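Worksheet: the structure to be examined is printed underneath.
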Amino acid sequence: MTARSALAVSAITLASLACSREPRIESDSSAACSSSLKLLSERASKSKDSSTYAIAMLAISGSIALKSMGTAMSGVFAGLAESRSQSVPAPALDSAMIIGSICDGLAGATQRDIVGRSDYLKGAVEAAFDQRYSAAYLTKLREAKSSFARVRDSISAFSVEAARLEQSDGFLGLETVIVMTVMNRTTHTIKRAYFEAESRTEGREVPWIAETFNHSIPGGLAPGERVSWRLTPNMFQGAWSKVRVPRDANLKVTPIRLEGPDDSPLWGGVSFGSRDQRLLDSLEKAVKHKVA
């Protein structure tokens, strides 16, 4: 080997070593990730790619910011976009979840990766966010279901003895009235009751209407009292006045939360409805699919 060849080989080897030592995003812990992100930012600010790096990181972090403000999520959540109001609220989005998603999605990435593969890495960060959010929601739903199981009998003592829908054409369009009779078999006076309602035709898998509603009871409903109501849902909310229900459809109304005279929720205020169960099933299937 000539001296020139030896020098060339040495140069290539040194270049390879330099690349291998190039700082990367570490995701072993939040501290390690924060430290490596800071190191890459400092290194990038002194390089010729400083502006390109800043734009790439802004695009990556911005995509998560949009999701955290309520942008429709991908995967399993996209299929549940029509479900507007779960009994179990979505988990709170905090900085730990957002930063953790960025660390997961950028794990092992170098400055050059972030500059040259920003679109791919943005997708990886969004997928990591969906995964973390799914796991948090799954945990919350499981806990709510377990808690609700312990108080379900107490809540169901506020029984709905009969329920039906009446629909007619009014001045502003389809008008819907919920006609129902309830009996308070609890040991508490109930001031406000929250319900889940589903209108179904026997043999039809999808309900015509699946909504939640609540009613403030004038004077409250004392233990042992029975009352019949004619309730008119807000025509601008939900599907009540958007779907004409067949005459042979049944209406099932289930209490999911009760409040006492002091406006405090009874039995901890926990609730868990059929839409929560459907979301739980979807999340569990999604997680199981990823594991498989």
Side-chain angles (χ1 to χ4, degrees), residues 70 82-92 137 140-167 170 172 174-200 207-243 245 249-280:
E82 295 180 0
S83 185
R84 292 170 298 279
S85 57
Q86 303 296 134
S87 300
V88 180
Y137 213 156
K140 191 169 186 179
L141 286 165
R142 285 171 173 168
E143 290 174 349
K145 182 178 182 179
S146 177
S147 299
F148 187 73
R150 292 192 290 269
V151 301
R152 181 169 45 214
D153 291 343
S154 298
I155 294 176
S156 62
F158 191 84
S159 59
V160 179
E161 297 183 333
R164 72 177 190 276
L165 285 182
E166 291 184 357
Q167 292 185 314
L172 296 177
L174 185 63
E175 296 178 351
T176 299
V177 176
I178 304 170
V179 183
M180 56 189 293
T181 300
V182 300
M183 173 72 177
N184 183 9
R185 293 186 172 87
T186 74
T187 59
H188 304 270
T189 295
I190 306 303
K191 187 176 179 181
R192 183 181 290 272
Y194 295 75
F195 302 94
E196 179 181 69
E198 287 194 348
S199 178
R200 290 180 176 271
W208 296 102
I209 294 176
E211 296 288 348
T212 57
F213 67 96
N214 67 84
H215 179 55
S216 179
I217 307 170
L221 193 66
E225 288 185 342
R226 176 185 285 108
V227 66
S228 294
W229 296 322
R230 292 179 60 86
L231 307 178
T232 304
N234 188 328
M235 67 178 295
F236 301 107
Q237 294 181 351
W240 299 107
S241 297
K242 298 177 183 177
V243 178
V245 175
N250 298 315
L251 180 66
K252 180 181 179 181
V253 179
T254 306
I256 56 175
R257 174 186 166 110
L258 301 172
E259 292 180 357
D262 60 353
D263 298 322
S264 297
L266 300 173
W267 305 293
V270 63
S271 60
F272 189 86
S274 61
R275 282 186 292 181
D276 300 303
Q277 182 63 55
R278 288 196 290 272
L279 178 55
L280 176 59

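Everything numeric in this text was worked out from a predicted model, so none of it was measured. All values below come from the heavy atoms of this structure, side chains included, with hydrogens, waters and symmetry mates left out.
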Inset, instruction - Tell me, with the steps shown, if Ile178 and Leu251 meet side-chain contact (heavy atoms from CB on, under 4.5 Å). - result: CA-CA 9 Å; Ile178 304 170; Leu251 180 66; 4.2 Å; yes
Legend entry - Steps toward side-chain contact (heavy atoms from CB on, under 4.5 Å) verdict (His188, Leu258): CA-CA 10 Å; His188 304 270; Leu258 301 172; over 6 Å; no
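Using modelled atom types, no side-chain atom of Ser146 and backbone atom of Arg142 make a donor-acceptor pair closer than 3.5 Å. In terms of modelled atom types and a separation under 3.5 Å, the side chain of Ser156 and the main chain of Asp153 share a donor-acceptor contact. Formation of a donor-acceptor pair under 3.5 Å by the Glu161 side chain with backbone atoms of Met183 is not found in this model. Checked by atom type and distance alone, the side chain of Arg257 pairs as donor or acceptor with a backbone atom of Gly269 at under 3.5 Å.
The minimum heavy-atom distance between Ala210 and Glu198, with the atom names listed, is CB-CG, 4.1 Å. Closest of all the heavy-atom pairs between Val88 and Asp276 is N-OD1, 3.0 Å. In this structure, Leu266 and Gly260 approach most closely via the heavy-atom pair CG-N, 4.0 Å. Smallest separation of non-hydrogen atoms from Ala193 and Phe158: CB-CE2, 3.9 Å. Between Trp240 and Leu174 the shortest heavy-atom distance is O-CD2, 4.5 Å. Annotation for Thr186 and Trp267: closest pair CG2-CH2, 4.1 Å, computed over non-hydrogen atoms.
Atom CD in Glu166 sits 12.0 Å away from atom CD in Glu175 (nearest 0.5 Å). Rounding to the nearest 0.5 Å gives a distance of 12.5 Å between CD1 of Ile155 and CZ of Phe272. Separating the CZ atom in Arg200 from the NZ atom in Lys252 is a distance of 8.5 Å, to the nearest 0.5 Å. The distance from the CD atom of Glu225 to the OG1 atom of Thr189 is 7.5 Å, given to the nearest 0.5 Å. In this structure, the separation between CG on Asp263 and CZ on Arg192 is 8.0 Å, given to the nearest 0.5 Å. Taking CD1 from Ile217 and CD from Glu259, the interatomic distance works out to 10.0 Å, rounded to the nearest 0.5 Å.
In this pair, Phe195 and Trp229 present their aromatic rings perpendicular. The plane angle is above 60°, beyond the 30 to 60° band.
Ile209 places a side-chain heavy atom less than 4.5 Å from the side chain of Leu165. Inter-residue side-chain proximity for Glu196 and Ser274 is flagged as met; some heavy-atom pair is nearer than 4.5 Å. With contacts defined as side-chain heavy-atom distances shorter than 4.5 Å, the pair Val182/Val227 qualifies.
Heavy atoms of other residues, nucleotides or ligands lying less than 6.0 angstrom from NZ of Lys140 number more than 12.
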